[in-house]
Amino acid sequence: MKISTALEKIDERQLFVPAFQREYVWKRDDAKQLVDSLIKQYPTGTMLTWETANPPELKGPHKYNEKQGAVRILLDGQQRVTTLYMLVRGEIPPYYTAAEILNDTRGLYVNVETLELAYYTKTKMESDPRWQDITDIFQRRIRSKDIVRALEKKGEAVSRERDDVMDDNTRAIENILDREFPEQTIPVRASVREAIDIFYKVNASGVSLTDAELALAQISGYWPEARDTFKKKLNELAEKGFVFKLDFIVYVLLGCLYHLGSEMKKLHDVDNDAKLRAAWKLLDSQVLDYVVSLMRSHAFVDHTDEINSVYALIPITVYCFDKGGAHLNDVEIRKLVKWFYYSQIRTRYVSQLPQKLDRDLRTIKESKNPFDELLAVIEEERRLEITPDEFVGRSISHPLFGLLRWYLKSRNAVCFTTGVVLRQAMGKRYALENDHIFPYSKLKAQGFGQENRLKYSLAQELTNRAILTQIANRAKSATDARSYLADVRARFPDSLALQCVPEDPALWEIENYEAFLQTRRTTLASNLNAFLDGITDTMPPEAAITLEELIADGEDDELEFKSSLRWDFKEQVTNKKLEEVIVKTVAAFANSQGGTLLIGVSDSGEILGLEGDYLSLGGANRDKFELHLRNLLNSAFGAAFVSSKLKVLFPVIGEIEICQVDIQQSVKPLVVVTKDKNGVAQEKFYVRSGNSSQELTLAEVPPYLSERFHK
């Protein structure tokens, strides 16, 4: 289909975007890359359309009328077509409103002589007629001769060659409208369900959609109003200061229905329709608002900008959902708040989100005291106690600053300038601001500028910040700390203590700045620990860690993941070189303290399984796989080591089988023999270093052997 034809069909209400498609998410750089490829006549992908007289819910205000007959539904290529519509027409396509365009990619300029593309900058383009809005060229409001005349009017001579280049380039841009997107069409006989399945398969092969977005597309197939229904609730929550994306809602639904954070495919089936609508009814009418209220009233969280990871609210939401929307008692609230705080400062969900949610939501479902257990999980990863050293060089972007803000609000700390209690509702001015106690301009003059990285980080340290109301921060000048703090103490005597600011005037002198920081670090660490301990007592459970929990925690010096034994997932072929990696890993564990190798698990903790390896071994099963693995290791290290120091298991995680190889310490050093590209044998010695296997140099081997094997 020609690009011009596609745009005309949109205008003529013949080509539509279905409601289950996500919003327009392309950014300006994406638009530039698309236009650049079109000008250069590079391939730009295909369009997937579905011709149907029974379309699903459509985006935008248009309602399908059966008198229209068959219409085309755009299933793949929406981001490209929307971008071109805005750049060619200069308008938002009829299936979107301005509020739904997250990034407006209109206003792209092109240098008609060089074909450089850029968004408008005054200094670069204002006095250079060669730079033109590409929409004006598509609309033929600007032609090459107009640009030549403008250059000549400036007194610039334009040669015939330059004239021709600009004419050719202008035509190349205009000719984009005649470019064709190869169109793949789903036949008219397909059902809505079949069309969405195809949409899913097309997008699943790329990286353009997240698992949650693909799940939402499937949900919209059997519940057409789902996307708009969820967005309405998101808008309501945003008005209260709690801003979430649609992905968050999908994770919440998966958690409520299945107590999982992975396996989004469970939401794809139409069998979910009734129970998903019922779950949403409870979430919409009671649970989500209740969770927001709990966060505000008991955790002192006024806005999601204060939260390091909003996904910590998913276990809390699922817990409240499991209670049927009933209100929690005081003990339950205190425990979940305490866990929430630690989930933030110990960054529970910054990586391996689905796997960690799997573990945490299973605990929510199965445990009588889930937040006690969840807190114990965090403690397994990192110590709970906050130390003064954790503040050194940490800026306000660090999670500790979020905890500090909540702590100050909990004790009714006040603004240094206005005396207003920080916890007081500010309406649309809810955002509390932070200000340097020692002004940066003064510190810079004392050598704490950007030329010294360490000292600059100290100048920006969160312990040099006070929390002020927006009005106060805008009015505060760069007064030296000594005068500023003395004035604050005179006007509001308790305010410094409430914000944990040292009250010794000697520490307010700029030459004592680092002593001020150290004193406040110690005070904050002590007070924050007492604050967290005082929320409630928790009783950590005694239970062995599961394999799923080990995987969720990630690789370490005694645990390593490998996607496969010999199947190359990237190339989708057998790759025997991968077997050498398995041999190297086993040797490294045996030469160190022992450990566990999991085959069928990606580096990120995704459970991949052994199907690829089974295929590479001629459709094998676990027995043939184990035999091949043992033969491989027998050849490398001898049968005596393999039979006495290795244990091979095949655990099943979420219905997917993986291979677990437990390796004990070897009593003798294991050397791996490999061949270089010329076929010459080489001996290598591997050990564990952190979460990886590393080769020791010849100089490093003797002292290591002496220390490890010859004691």
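Here the straight-line distance linking atom CD of Glu626 with atom SG of Cys659 works out to 7.5 Å at 0.5 Å rounding. The CZ atom of Arg622 lies 9.5 Å from the CG atom of Leu649; values are rounded to the nearest 0.5 Å. Atom CG of Leu384 sits about 5.0 Å away from atom CG of Leu375, to the nearest 0.5 Å. How far CD1 of Ile314 is from OH of Tyr311: 6.5 Å, rounded to the nearest 0.5 Å. From Leu528, atom CG reaches atom CD of Glu385 across 11.5 Å, with rounding to the nearest 0.5 Å. Of the inter-residue distances, the one linking Asp568 atom CG with Ser563 atom OG reads 9.5 Å to the nearest 0.5 angstrom.
Side-chain contact of Tyr349 with Asp360: a donor-acceptor pair under 3.5 Å is present, judged by distance alone. No donor-acceptor contact under 3.5 angstrom links the side chains of Ser604 and Glu606, judged on distance only. No side-chain donor from either of Asp662 and Gln664 sits under 3.5 Å from a side-chain acceptor of the other. With no hydrogens or angles considered, a side-chain donor-acceptor pair links Gln593 and Gln665 at under 3.5 Å. A donor and an acceptor atom, one from each side chain of Gln460 and Ser395, are nowhere located under 3.5 Å apart. For the residue pair Glu700 and Thr697, a side-chain donor N or O sits within less than 3.5 Å of a side-chain acceptor on the partner.
In this structure, Ser602 and Phe561 have side chains that are not in contact, with every pair of non-hydrogen atoms separated by 4.5 Å or more. The side-chain heavy atoms of Arg362 and Glu549, taken from C-beta on, include a pair separated by under 4.5 Å. Residues Tyr686 and Thr585 fail the side-chain proximity criterion, which asks for heavy atoms closer than 4.5 Å. In this structure, Glu683 and Val672 have side chains that are not in contact, with every pair of non-hydrogen atoms separated by 4.5 Å or more. Inter-residue side-chain proximity for Glu461 and Phe391 is flagged as met; some heavy-atom pair is nearer than 4.5 Å. Between Leu559 and Leu550, some side-chain heavy-atom pair lies under the 4.5 Å cut-off.
Sparse packing is recorded around CD of Glu655, with 12 or fewer heavy atoms of other residues, nucleotides or ligands lying under 6.0 Å away. Annotation for Lys275: atom NZ counts as buried by contact number, over 12 foreign heavy atoms lying within 6.0 Å.
Salt bridge status for Arg359 with Glu366: absent, with no side-chain N to carboxylate O gap under 4.0 Å. Using a cut-off of 4.0 Å between Lys/Arg side-chain N and Asp/Glu carboxylate O, Asp330 and Arg334 are scored as salt-bridged. No salt bridge links Arg346 with Glu379; every basic N to acidic carboxylate O contact stays at or beyond 4.0 Å. Using a 4.0 Å cut-off between a side-chain N of Lys or Arg and a carboxylate O of Asp or Glu, Lys365 and Asp322 do not qualify as a salt bridge. Under 4.0 Å is where a charged nitrogen must lie from a carboxylate oxygen, and between Glu390 and Arg394 no such pair does. The existence of a salt bridge linking Lys265 and Glu263 is excluded, since no basic side-chain nitrogen approaches an acidic carboxylate oxygen closer than 4.0 Å.
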May I have the step-by-step check of ring-ring contact (aromatic ring centres under 6.0 Å, His included) for Phe371 and Tyr319, ending in yes or no?
-> CA-CA 10 Å; Phe371 291 103; Tyr319 182 73; 5.1 Å; yes

Check step by step if ring-ring contact (aromatic ring centres under 6.0 Å, His included) holds for Phe230 and Trp280.
-> CA-CA 9 Å; Phe230 300 158; Trp280 178 252; 4.7 Å; yes

Using the ring-ring contact (aromatic ring centres under 6.0 Å, His included) rule, take Trp406 and Phe300 through it: C-alpha gap first, then chi angles, then the decisive distance, then the call.
-> CA-CA 5 Å; Trp406 298 324; Phe300 311 102; 9.3 Å; no

Going through the checks in order, is the side-chain contact (heavy atoms from CB on, under 4.5 Å) test met by Val25 and Gln79?
-> CA-CA 7 Å; Val25 297; Gln79 303 291 322; 3.8 Å; yes

May I have the step-by-step check of side-chain contact (heavy atoms from CB on, under 4.5 Å) for Leu361 and Tyr258, ending in yes or no?
-> CA-CA 9 Å; Leu361 294 175; Tyr258 294 104; over 6 Å; no

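Screening residues 573-600 for salt bridge (Lys or Arg N to Asp or Glu O under 4.0 Å) gives Arg566-Glu579, Lys577-Glu580 as the qualifying pairs, with residues at least two apart or on separate chains. Sorted pairs that involve residues 636-654 and meet salt bridge (Lys or Arg N to Asp or Glu O under 4.0 Å), not counting sequence neighbours, are lacking altogether.
For Arg688, the salt bridge (Lys or Arg N to Asp or Glu O under 4.0 Å) criterion is met by Glu560, not counting sequence neighbours.
Each of Asn308, Ile378, Leu403 was checked for a side-chain contact (heavy atoms from CB on, under 4.5 Å) with Ile345, and the lone residue meeting it is Leu403.
The two atoms that bring Cys320 and Leu294 nearest to each other are SG-CD1, 4.3 Å, heavy atoms only. Nearest heavy-atom pair, Phe637 versus Val671, reported as atom, atom and distance to 0.1 Å: CE2-O, 4.2 Å. Of all non-hydrogen atoms in Leu267 and Ile219, the two that sit nearest each other are O-CG1, 3.8 Å. Across all non-hydrogen atoms, the minimal contact from Leu254 to Lys266 is CD1-CB, 4.4 Å. Minimum heavy-atom separation, Tyr290 to Leu328: OH-N, 2.8 Å. The heavy-atom pair separating Leu282 from Gly324 by the smallest distance is CD1-O, 3.8 Å.
At least one donor-acceptor pair under 3.5 Å links the side chain of Asp358 to the backbone N or O of Ser262.
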